[in-house]
Amino acid sequence: MSVAPEVTDALAVGRPVLALESTILTHGLPRPRNLDVARDAEERVRAAGAVPATIGVLDGVVRIGLSATGLERLASDPDVVKLSTRDLPPAVATGASGGTTVAATAHLAHRAGIRVFATGGLGGVHRGASETFDESADLPALARLPVVVVSAGVKSVLDVGATLERLETLGISVAGYRTDRFPNFYVADSGHRVGHVLDSPEQAAAAWAAGRALGLDAALLVANPVPVASQLPPAEHDAVLASALAALDEQGVGGQDATPFLLDHIRTATGGASLEVNVAVYRNNVDLGARIAVAVAAL
């Protein structure tokens, strides 16, 4: 594991650091937009007074804080792979390059000593999981990693209600940021409530610190809704999602191909509008994540 000098120096003196995932680079956004968004995210973190640490794997080496060249490689190479925690050992052994998922990024950030992590949407329980047992590795990973994760809920193609039940079972604290409604990625309100509300980055930092003081090992999930002005119109979202799910069944797509299929269908059906929401979601979470990182460092 190679930690960038800037990140090492910041952690050594207690400066705020924000971890950023790299699957948005490799699999989440089209080229060349992906690189522009990644660079913008790092600039936003710096503007808020924190140090960005984009995490990825290059030639079998885990990088905590990608260089400009590293960002460009992950953003432009069509052969990079998607790496969750289970994929890290063989990727290191074989010299692979790839973007790290929420689970892998949170794990590596924690090992490096980074306490706050911002992403777009969390993985969760898939629709029909009672038969397929299809659940993202993000959930059990966060059950054992005491970090703050800023996310716009879970991707709307997932089973939000079942995901919330699993978060509760796994002991992962969930709080809405200035809302008691759990967000649904493309829209601000999934229709589900959360039991706790945090009104400031300082409250989020205090909640994280309380968890550590109480000996709890799970993450704090700060559910940060996309601004209403930037969301997909809820009626359009629901109609497009229903169409995407019907197409999924008709074409018999399943397994790891299901989520990319659904997201691509939604992007096409909305004429690219969902892509702009995706970017707005990510930027909103990066902005809040950086402010929470500053607040955590102040403790």
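Scope of the values below: all heavy atoms of this structure, side chains included, with no hydrogens, waters or symmetry mates. Residue numbers count from 1 along this sequence.
For the atom pair CG (N184) and NZ (K155), the distance works out to 11.5 Å, reported to the nearest 0.5 Å. Distance CG/L164 to CG/D159: 9.5 Å, rounded to 0.5 Å. Between E250 atom CD and L245 atom CG the span is 11.0 Å, to the nearest 0.5 Å.
Nearest heavy atoms, N285 versus G120: ND2-O, 3.1 Å. Nearest heavy atom pair, residue G99 against residue S22, reads CA-OG, 3.2 Å. When all heavy atoms of P52 and V7 are compared, the closest pair comes out as O-CG2, 4.0 Å. Minimum heavy-atom separation, A38 to L71: CB-CD2, 4.3 Å. The minimum heavy-atom distance linking T85 with R144 is given by the pair CG2-NH2, 4.2 Å. Heavy-atom minimum distance, N284 versus P225: ND2-O, 3.0 Å.
Salt-bridge formation is detected for the pair R44/D40: a Lys NZ or Arg NE/NH1/NH2 atom is positioned less than 4.0 Å from an Asp or Glu carboxylate oxygen. Of the charged side-chain nitrogens involved, none lies within less than 4.0 Å of a carboxylate oxygen, so that R33 and D36 do not count as a salt-bridged pair. Here D59 pairs with R73 in a salt bridge; the nearest charged N to carboxylate O distance falls below 4.0 Å.
Sorted by first and then second residue, the salt bridge (Lys or Arg N to Asp or Glu O under 4.0 Å) pairs involving residues 217-240 (not counting sequence neighbours) form an empty list.
A donor-acceptor pair is defined here as one N or O able to donate and one able to accept, closer than 3.5 Å; no such pair exists between the side chain of T26 and the backbone of V80. Under the 3.5 Å distance criterion, the side-chain polar atoms of Q231 are left unmatched by any main-chain donor or acceptor of P234. The main-chain N or O of A104 is never found under 3.5 Å from a side-chain atom of T100 such that the two would form a donor-acceptor pair. Judged by distance alone, the side chain of R178 and the main-chain N or O of D199 form a donor-acceptor pair under 3.5 Å.
Using a 4.5 Å heavy-atom threshold, the side chains of V116 and W208 count as separate. Two residues are said to be in side-chain contact when any heavy atoms from C-beta on lie closer than 4.5 Å; L66 and L58 meet this criterion. A 4.5 Å side-chain heavy-atom check between V102 and F117 finds at least one atom pair inside the cut-off. For the pair N278/L263, no side-chain contact is recorded, criterion being any heavy-atom separation below 4.5 Å from C-beta on.
V294 belongs to no multi-residue hydrophobic cluster, having no ILVMFWY side-chain contact under 4.5 Å with any other such residue.
Around CZ of R111, the count of heavy atoms belonging to other residues, nucleotides or ligands within 6.0 Å does not exceed 12.
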